[in-house]
Amino acid sequence: MSGSLGTGIVRLHPYVVGITGLTEIAAKREGIAHQVVHTLRGHHAGYYPGSRDLLIKLLFDPETGRVLGAQVADQEGVDKRIDVMATAIPGRMTIDNLAELDLAYAPSFGAAKDPVIITGMSAGNRKHARIDSVSSEALANWRENPEKPFVIDVRDSAEIAKTGILSGSRHIPLNQIRARIEEVPRHTPVVVYCRSGHRSYLASRIL
């Protein structure tokens with residue numbers, strides 16, 4: 001026996017929550033270097049009826065990119081993704097390996113880029129310094145400082161009308177970023193957000 005990953009799954013109606021490997025709390029307690037990414041992606045293709053948001057939290061080694069732990073929550077498809085992560089950890093797979101997986105695809109079962117693949121890509125973007133990310137807690141603390149960031153919401157107007165906007169942020173929809181780029185300060189840190197991270201990633205690359 002090489003030990004246990006503590007892989008588990010539970011239904012908390014209507015949600016299912018799965019876990020495997022190292023948690024953020026345990027990593028901090030044991031002084032283990034790690035980085036964390038969160039992704040939100042449909043459990044199957046968005047154009048197929050019944051797609052549900054699937055949330056993945058991934059811990060990985062900041063130097064090697066090795067997968068250290070994961071938690072997954074959704075109403076559907078959690079068991080499939082947590083089992084992939086539970087296989088990746090003892091297999092010493094990296095986030096780049098996750099991004100290159102060839103997982104089963106059909107619109108009613110998954111997406112062409114499965115949530116696990118998207119999570120690997122997101123972690124790779126961070127590790128390879130294509131973008132940086134900030135947690136909601138860190139952003140709240142940062143905005144209390146005199147040198148606070150310029151925050152942009154790149155969602156569309158219908159989403160803003162439904163859910164509101166973060167106080168003090170500027171609404172510039174993704175498809176208007178290039179046309180309104182002069183509204184973005186050049187000598188101030190900029191934080192971009194959306195619903196799931198996809199559009200904010202694209203906006204960050206444009207900026």
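Here the straight-line distance linking atom OG1 of Thr23 with atom NZ of Lys28 works out to 10.0 Å at 0.5 Å rounding. Interatomic distance, Asn175 CG to Arg180 CZ, rounded to the nearest 0.5 Å: 10.0 Å. Remark: Ile32 CD1 to Asp61 CG distance equals 9.5 Å, nearest 0.5 Å. Distance check, rounded to the nearest 0.5 Å: CG of Asp53 to CG of Leu40 gives 4.0 Å. One distance of note links CG of Asp153 with CD of Glu159; it measures 8.0 Å at 0.5 Å rounding. Expressed to the nearest 0.5 Å, how far CD1 of Ile131 lies from CG of Leu207 amounts to 12.0 Å.
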Derivation of the side-chain contact (heavy atoms from CB on, under 4.5 Å) call for Val16 and Gln75: CA-CA 6 Å; Val16 178; Gln75 296 184 40; over 6 Å; no
Pair Glu182-Arg186, salt bridge (charged side-chain N to carboxylate O under 4.0 Å, His left out): steps then yes or no: CA-CA 9 Å; Glu182 293 303 322; Arg186 295 179 179 275; 3.5 Å; yes
Residues Gln71, Ile56; criterion side-chain contact (heavy atoms from CB on, under 4.5 Å); working and verdict: CA-CA 6 Å; Gln71 293 100 57; Ile56 297 180; over 6 Å; no
Test log, rule side-chain hydrogen bond (donor to acceptor under 3.5 Å, both in side chains), inputs Thr119 and Thr39: CA-CA 6 Å; Thr119 302; Thr39 59; 2.7 Å; yes
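Under the 3.5 Å distance criterion, the side-chain polar atoms of Tyr193 are matched with a main-chain donor or acceptor of Leu166. Looking at Glu100, its side chain never comes within 3.5 Å of a backbone N or O of Asn97 through a donor-acceptor pair. The closest donor-acceptor contact from the side chain of Ser51 to the backbone of His44 lies under 3.5 Å. Between the side chain of His43 and the backbone N or O of Arg52 there is at least one donor-acceptor pair closer than 3.5 Å. Between the side chain of Ser122 and the main chain of Ile118, no donor-acceptor pair closer than 3.5 Å is present. For Thr163 (side chain) and Ile160 (main-chain N/O), no donor-acceptor pair under 3.5 Å exists by modelled atom type. A distance-only check finds a donor-acceptor pair linking the side chain of Arg81 to the backbone of Gly77 [under 3.5 Å].
Met93 has its side chain out of reach of Arg66: every pair of non-hydrogen atoms, C-beta onward, lies at least 4.5 Å apart. The shortest distance between side-chain heavy atoms of Val191 and Leu139 falls below 4.5 Å. Two residues are said to be in side-chain contact when any heavy atoms from C-beta on lie closer than 4.5 Å; Val184 and Val190 meet this criterion. Phe60 is listed as a side-chain neighbour of Val37, based on a closest heavy-atom distance under 4.5 Å. Leu98 has its side chain within reach of Leu58: a pair of non-hydrogen atoms, C-beta onward, lies under 4.5 Å apart. Contact of the Ile19 side chain with the Val10 side chain is not registered, since no non-hydrogen atoms from C-beta on lie closer than 4.5 Å. Between Val72 and Leu54, some side-chain heavy-atom pair lies under the 4.5 Å cut-off. With a 4.5 Å cut-off on side-chain heavy atoms, Val78 and Ile9 count as touching.
Hydrophobic clustering (ILVMFWY, side-chain heavy atoms < 4.5 Å, transitive): Ile152 and Leu174 are in one cluster. Side-chain heavy atoms closer than 4.5 Å link hydrophobic residues (I, L, V, M, F, W, Y) into clusters, and following such links, possibly through other members, connects Val116 to Leu5. In this structure, Ile117 is not a member of the same hydrophobic cluster as Tyr105, with clusters built from ILVMFWY side-chain heavy atoms closer than 4.5 Å. Under the 4.5 Å side-chain contact rule for hydrophobic residues, Val84 and Ile82 share a cluster. Two different hydrophobic clusters hold Leu202 and Val134 under the rule that ILVMFWY side chains link at heavy-atom gaps under 4.5 Å.
A 6.0 Å sphere centred on NZ of Lys57 holds more than 12 heavy atoms belonging to other residues, nucleotides or ligands. Counting heavy atoms of neighbouring residues, nucleotides and ligands inside a 6.0 Å radius, atom CG of Asn145 exceeds 12 of them. Around atom CG of Leu12, more than 12 heavy atoms belonging to other residues, nucleotides or ligands sit under 6.0 Å away. Within a 6.0 Å radius of OH in Tyr15, other residues, nucleotides and ligands contribute 12 heavy atoms or fewer. The neighbour count for Phe150 CZ, taken as heavy atoms of other residues, nucleotides or ligands under 6.0 Å away, is above 12.
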